Amino acid sequence: MFGPMRIADNIPTSWCEPWKIKTIEHIHLASAEERRSALEIAGWNTFLLPSRRVYIDLLTDSGTNAMSDVQWAAIMTGDEAYAGSKDFERLEEVVQKVYGYEHLIPTHQGRGAEHIQSQIMIKKGQIVPGNMYFTTTKFHQEHAGGEFEDVIVDEAFDPHSEFEFKGNVDLAKLDRIVQRVGPQGIAYVSLETNVNMCGGQPISMANARELKAYCSKLGIKVMLDATRAVENCYFINTKEAGYEATSISAILAELCSYTDGCTISGKKDCLVNIGGFLALRDDHLAQMARELVVAFEGLHTYGGMAGRDMGAMAVGIVESQDFEYIRARVEQVGYLGKRLERFGVPVVKPFGGHAIYLNVRDILPHMPQEQYPAQRIAAELYLESGVRSMERGIVSAGRDHDGNEYKPDLELVRLTIPRRVYTQSHLDYVSEACARVCQRAESIRGLKMVYEPGSLRFFQARFESLN
Ligand code: F0G
């Protein structure tokens with residue numbers, strides 16, 4: 001009856017996760033009526049939805065990581081001494097070894113580190129050039145009296161450009177600022193890895209090297225936002241000539257060597273749920289940071305983190321360097337991107353390292369930006385499927401000093417993938433829901449903002465539907 005089984009030619013070699021699931025958390029899909037009611041109570045803002053009404057939570061990759069059994073073991077053995085915890089020593093040693101900076105100042109999370117860094121490094125009126133703004137980073141720069149200026153390459157603003165290193169700094173733009181205000185007018189260059197606001201896009205090693213060479217001549221410091229540096233290193237390994245055979249740790253060490261220090265939100269790359277740090281080479285700056293951290297965060301050997309959290313972070317940093325891990329992480333994000341593309345859903349290319357971004361200008365070309373199209377699509381996706389995503393467009397961009405709304409070129413919805421949490425079938429469900437929303441795009445109307453907080457408005461703003 002049956003002939004000999006025929007094995008197909010060209011069998012692909014798939015990546016897979018270098019872990020298996022040991023504990024699960026139940027999730028529940030709320031009914032369509034429950035979702036509609038939850039969204040209205042939340043003022044059409046996905047940040048204000050209760051998690052128990054969310055089915056698949058792609059709001060953020062921040063603090064949503066699943067920890068390994070080894071990390072949980074570190075939680076159990078945490079040293080909660082107020083001063084000089086062994087977990088501080090453990091974390092300090094790992095940070096020195098992996099990132100290569102001498103001084104570690106722990107903080108409760110990334111923005112705590114941004115606050116301290118901005119206070120010690122920015123003088124009133126100085127410019128902080130950076131490769132695109134991040135919301136909390138820019139807030140702290142301005143709070144310290146500085147002014148952010150964007151020096152990212154033009155390709156970053158074009159969701160259709162397939163340039164592989166859209167995070168790169170445009171040195172000509174930086175040079176124009178230097179010509180205008182002089183090196184003393186610049187606090188430092190703020191260099192983000194896998195630039196969040198333009199789609200999780202990497203910087204190249206060549207660009208970091210050139211930036212360092214340019215800044216060194218002028219005595220300008222380069223400060224890294226290394227929040228997603230490991231994911232950036234995977235792209236350097238896979239996309240930049242000469243790094244194919246270099247380990248993730250070696251790429252990271254070289255990248256950090258072109259910078260004078262970093263801030264990190266440990267809630268991303270470091271595979272924990274809370275924590276962050278500022279790391280510095282300069283002894284004097286480190287001393288200033290330690291003086292401030294005790295006032296704003298906690299003693300300089302815990303900075304707002306529990307001992308157990310520092311222990312789990314030390315383990316997480318080491319785990320994040322494993323090539324099989326980081327490949328599965330970034331390729332899983334790409335898997336969602338490819339599924340969406342297959343359904344014809346407009347997405348930012350190349351695919352980012354932590355998220356896929358829907359290009360809402362192409363989904364709702366009829367809707368003016370003043371009607372918050374990306375905010376609306378994030379809400380519609382929730383109504384459709386219980387999937388929570390985040391607006392990254394005009395609402396996130398906020399207002400300038402004169403009170404006018406910034407009109408960013410990019411009007412995006414971010415589908416952010418928590419690390420080691422969801423499976424491919426969860427992402428199949430997400431991609432199908434996005435496709436269904438796009439199918440009915442023509443009938444989707446805009447939003448009106450009815451409550452606007454004074455700063456970082458996207459977190460708590462409230463909206464009403466225009467239809
Ligand atoms: N820098 C970048 C690039 C970030 O993405 C974040 C946080 C921070 C700094 C601040 O760190 O949250 O620990 O205080 N990003 C989260 C997100 C909130 O969803 O993208 P934090």
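Counting starts at 1 for both ligands and their atoms, in listed order. What you see is a predicted model; the values in this text were computed from it and never measured.
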Return the residue, atom name and 0.1 Å-rounded distance of the protein heavy atom closest to [atom].
| atom | value |
| --- | --- |
| atom 8 (C) of ligand 1 | Phe134 CE2, 3.5 Å |
| atom 9 (C) of ligand 1 | Glu114 OE2, 2.9 Å |
| atom 21 (P) of ligand 1 | Gln109 NE2, 3.3 Å |
| atom 10 (C) of ligand 1 | Thr136 OG1, 3.5 Å |
| atom 11 (O) of ligand 1 | Ser265 CB, 3.2 Å |
| atom 1 (N) of ligand 1 | Asp225 OD2, 2.6 Å |

Between Glu370 and Lys407, is a salt bridge (charged side-chain N to carboxylate O under 4.0 Å, His left out) present by the stated rule, with each step listed?
CA-CA 9 Å; Glu370 294 77 3; Lys407 303 265 173 63; 3.3 Å; yes

Any His354 heavy atom less than 4.0 Å from ligand 1:
no

Considering only heavy atoms from C-beta outward, does the side chain of Arg35 approach that of Tyr55 to under 4.5 Å?
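SC-SC contact between Arg35 and Tyr55 ruled out.
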
Side-chain touch Met305/His108, heavy atoms, less than 4.5 angstrom:
no

Could you tell me whether some N/O pair between [X] and ligand 1 is separated by less than 3.5 angstrom?
| X | value |
| --- | --- |
| Arg392 | no |
| Met390 | no |
| Asp61 | no |
| Lys268 | yes |
| Thr60 | yes |
| Arg111 | yes |

For the pair Phe463 and Tyr372, name the ring-plane relationship: parallel under 30°, tilted 30 to 60°, perpendicular over 60°.
perpendicular

Any idea how His143 and Phe139 line up, ring-wise: parallel (<30°), tilted (30 to 60°), or perpendicular (>60°)?
parallel

Going through the distances and angles, do Arg329 and Glu231 end up as a salt bridge (charged side-chain N to carboxylate O under 4.0 Å, His left out)?
CA-CA 8 Å; Arg329 156 67 178 159; Glu231 290 163 3; 2.9 Å; yes

Name the option, out of Met132, His108, Glu192, Arg414, that contains the heavy atom nearest to atom 17 (C) of ligand 1.
Arg414

Does the cation-pi check pass for Arg111 over Phe134, that is, NZ or CZ under 6.0 Å from the six-membered ring centre and within 45° of its axis?
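Checked: cation-pi criterion not met.
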
Establish, yes or no, whether the cationic atom of Lys86 lies under 6.0 Å from the six-membered ring centre of Phe88 and within 45° of the ring axis.
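No, Lys86 does not lie over the aromatic ring of Phe88.
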
Just checking Tyr82 against Tyr302, ring centres under 6.0 Å apart?
yes

In terms of atom number and element, which parts of ligand 1 are under 4.0 angstrom from non-hydrogen atoms of Arg228?
3 (C), 4 (C), 5 (O), 17 (C), 20 (O)

Which ligand 1 atoms are under 4.0 Å away from a heavy-atom of Lys267?
13 (O)

Might you confirm whether atom NZ of Lys239 has over 12 heavy atoms from other residues, nucleotides or ligands at distances under 6.0 Å?
yes

